[in-house]
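Convention: sequence-line order gives letters A, B, ...; per-chain numbering from 1.
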There are 2 protein chains.
Amino acid sequence: MYELYYWPGIQGRGEFVRLALEEAAADYMDVGREPDGMAVMISLMEEASIKTPSFAPPFLKHGDLVIGQVSAILLHLGARHALAPVDEAGKLWVHQIQLTIADLVSEAHDTHHPLGMGQYYEDQKPEAKKRSKEFCEERIPKFLGWFETILTRNPEGSDHLVGNGLTYADLSLFQVVEGLRYAFPNATERALGGTPSVVALHDMVADRPRIAAYLDSDRRLPFSEEGIFRHYAELDA
Amino acid sequence: MYELYYWPGIQGRGEFVRLALEEAAADYMDVGREPDGMAVMISLMEEASIKTPSFAPPFLKHGDLVIGQVSAILLHLGARHALAPVDEAGKLWVHQIQLTIADLVSEAHDTHHPLGMGQYYEDQKPEAKKRSKEFCEERIPKFLGWFETILTRNPEGSDHLVGNGLTYADLSLFQVVEGLRYAFPNATERALGGTPSVVALHDMVADRPRIAAYLDSDRRLPFSEEGIFRHYAELDA
């Protein structure tokens with residue numbers, strides 16, 4: 001039994017963990033969404049007996065382990081639920097892709113908060129517009145182009161990012177495409193026009209029975225302007 | 001024999017890898033700093049036969065492996081050179097700390113480039129000032145405070161971040177303190193006043209024979225306003 005701790009009401013960074021847990025059909029509780037879940041999470045964050053406290057949610061409790069940072073959580077889940085290769089080289093490659101996805105996610109966040117989290121989006125709109133212009137014109141095509149390149153270079157075929165089976169990197173790339181399409185529909189469709197393997201991978205993941213059931217359930221929260229991928233039409237250059 | 005590929009002339013993200021290689025007394029070549037090293041690096045980045053190309057430098061070549069992303073490189077080096085615990089929980093915890101350091105490094109970068117890398121610092125100074133204010137007042141104390149907390153909670157004592165031996169996370173925290181002190185001397189000293197264990201860890205790492213020899217050599221590049229940690233007096237709130 002896993003306990004996932006994350007802010008309720010948003011997909012956010014927690015969603016990368018949820019997708020892995022759902023695909024694995026793992027027994028888990030999304031604690032932040034339970035009654036009093038937030039209070040439990042906050043108290044756990046301040047609990048001195050936890051020797052491995054996380055800097056920020058999400059974190060995953062699994063027996064005695066308390067693991068923070070999405071990429072570290074996925075490293076753990078990937079090994080336990082066959083969502084990563086068993087060989088060292090494959091394991092590192094999946095992880096490297098995940099870390100690059102994490103960088104993309106941070107940049108997507110910064111588009112609406114270039115001056116930091118201390119101010120509302122409404123108070124940094126001109127700066128957000130400048131940052132988003134570069135993100136839409138340079139960064140989205142560069143990241144999606146890199147995913148396309150590694151898919152086409154996969155010696156085992158372009159159906160998966162690594163090897164010939166599903167990994168947590170595939171699940172995360174699905175989520176990135178979902179998020180970018182929500183936040184920056186124009187810029188994203190433009191870029192995806194040149195990355196057919198990325199689109200195919202997204203569709204393959206969406207069709208996996210457990211993922212499809214999850215997306216159709218109320219466990220899947222909607223995107224919103226409280227999360228990381230936010231749609232502000234004025235930023236979609 | 002390792003080959004490190006990174007931009008010449010700056011410490012940057014490559015420095016976290018260099019510190020681990022130096023502490024391990026590993027045989028490595030800093031390819032970007034060799035004659036024609038940049039040409040070799042660029043051609044390798046575009047070489048279609050590389051099945052695991054990195055999104056950006058640094059990357060490490062080790063036999064058939066080509067590993068990108070600092071945290072993935074350190075995961076590999078940590079296991080090979082006893083710079084991480086061998087048990088799964090310890091390995092994950094060191095990695096989680098490294099990932100949090102990577103987040104801090106990205107935020108430190110964004111202080112001088114809040115609108116993105118497409119414009120010079122000189123063209124985004126007002127925005128850099130706003131972002132740096134929050135970084136100095138909120139983020140530096142929060143990150144350093146978290147390191148202090150985990151040091152004091154370490155069941156094996158506060159000499160190391162994890163367990164009772166040196167890990168790559170210790171080396172990286174040393175580098176973060178060095179970088180913050182260079183870039184934001186006022187804000188950093190203020191915060192370090194409340195984090196004596198972090199200061200002690202920094203000093204312990206600096207005194208390790210191999211690290212001390214490295215810092216004293218011309219292999220250690222100076223900080224500069226081309227790197228990630230840049231000193232602009234006007235940003236040091």
Side-chain angles (χ1 to χ4, degrees), chain A residues 48-56 59 64-73 75-76 79 88-89 91-93 95-100 102-104 106-107 110-111 114-119 124 126-127 130-135 137-139 142-143 146-147 149-150 152-155 162, chain B residues 48-56 59 64-73 75-76 79 88-89 91-93 95-100 102-104 106-107 110-111 114-119 124 126-127 130-135 137-139 142-143 146-147 149-150 152-155 162:
Chain A
S49 71
I50 305 277
K51 301 307 179 194
T52 59
S54 296
F55 185 76
F59 55 94
D64 288 341
L65 285 175
V66 182
I67 314 167
Q69 285 280 356
V70 168
S71 302
I73 296 170
L75 193 64
H76 180 66
E88 199 56 26
K91 208 178 282 189
L92 277 169
W93 178 225
H95 200 55
Q96 177 180 340
I97 297 169
Q98 182 64 41
L99 291 169
T100 305
D103 287 346
L104 189 172
S106 287
E107 291 193 27
D110 279 2
T111 58
L115 303 183
M117 284 307 285
Q119 292 179 55
Q124 47 185 301
E127 294 86 359
K130 287 182 193 169
R131 175 94 188 212
S132 296
K133 185 172 190 294
E134 182 172 310
F135 186 71
E137 292 177 0
E138 310 286 340
R139 305 301 285 173
K142 183 169 176 178
F143 276 108
W146 183 73
F147 296 123
T149 296
I150 63 180
T152 54
R153 283 193 197 171
N154 182 351
V162 181
Chain B
S49 69
I50 305 278
K51 301 306 179 196
T52 60
S54 296
F55 185 76
F59 55 93
D64 287 341
L65 284 177
V66 182
I67 314 167
Q69 285 280 356
V70 168
S71 302
I73 296 170
L75 192 64
H76 180 65
E88 199 55 27
K91 208 177 283 188
L92 277 170
W93 178 224
H95 199 57
Q96 178 180 341
I97 297 169
Q98 182 64 42
L99 292 169
T100 305
D103 287 346
L104 190 172
S106 286
E107 292 193 26
D110 279 1
T111 58
L115 303 184
M117 285 305 286
Q119 293 179 54
Q124 45 185 303
E127 294 85 359
K130 287 182 193 168
R131 174 92 188 214
S132 295
K133 186 172 190 295
E134 181 173 309
F135 186 69
E137 291 177 1
E138 309 286 340
R139 305 301 284 173
K142 182 167 177 181
F143 276 108
W146 182 72
F147 296 123
T149 297
I150 63 179
T152 54
R153 283 192 197 171
N154 182 350
V162 182

Given the rule in the salt bridge (charged side-chain N to carboxylate O under 4.0 Å, His left out) test, do A:K130 and B:E127 qualify, once you have shown the distances and angles that lead to the verdict?
CA-CA 11 Å; A:K130 287 182 193 169; B:E127 294 85 359; 3.6 Å; yes
Using modelled atom types and a 3.5 Å cut-off, is there a donor and acceptor pairing between side-chain atoms of A:Q96 and backbone atoms of B:G68?
yes
Given that the side chain runs from C-beta out, which part of B:S54 has a heavy atom under 4.5 Å from chain A: side chain, backbone, both or neither?
both
Highest number of heavy-atom pairs under 4.5 Å with chain B: which of A:I73, A:D64, A:I50, A:N154?
A:I50
Contact between A:V70 and B:L99 at the side-chain level, heavy atoms closer than 4.5 Å - yes or no?
no
Against chain A, work out which of B:K51, B:H95, B:Q119 has the most heavy-atom pairs shorter than 4.5 Å and name it.
B:K51
Under 4.5 Å heavy-atom distance to chain B, tell me which part of A:K142 shows up: side chain, backbone, both or neither.
both
Taking side chain as everything from C-beta outward and backbone as N, CA, C, O, which of these in B:A48 sits under 4.5 Å from a heavy atom of chain A? Side chain, backbone, both or neither.
both
If you tally heavy-atom pairs under 4.5 Å between each of B:V162, B:I150, B:D110, B:D103 and chain A, the highest tally belongs to B:D110
Can you check whether A:M117's main-chain N or O pairs, donor with acceptor, with B:E134's side chain at less than 3.5 Å?
yes
Heavy atoms, side chains only, cut-off 4.5 Å: are A:L115 and B:K133 in contact?
no
Verify, without hydrogens or angle tests, whether A:W146 (side chain) and B:P53 (backbone) share a donor-acceptor contact under 3.5 angstrom.
yes
For A:F143, check ring-ring contact (aromatic ring centres under 6.0 Å, His included) against everything at least two apart and list the hits.
B:F55
So which residue, A:G116, A:G118, A:S132, A:A89, ends up with the most heavy-atom pairs under 4.5 Å with chain B?
A:G116
Tightest non-hydrogen contact, residues B:L92 and A:H76, listed as CD1-ND1, 3.7 Å
If you count heavy-atom pairs within less than 4.5 Å of chain A, which of B:L75, B:V66, B:I97, B:L65 leads?
B:L75
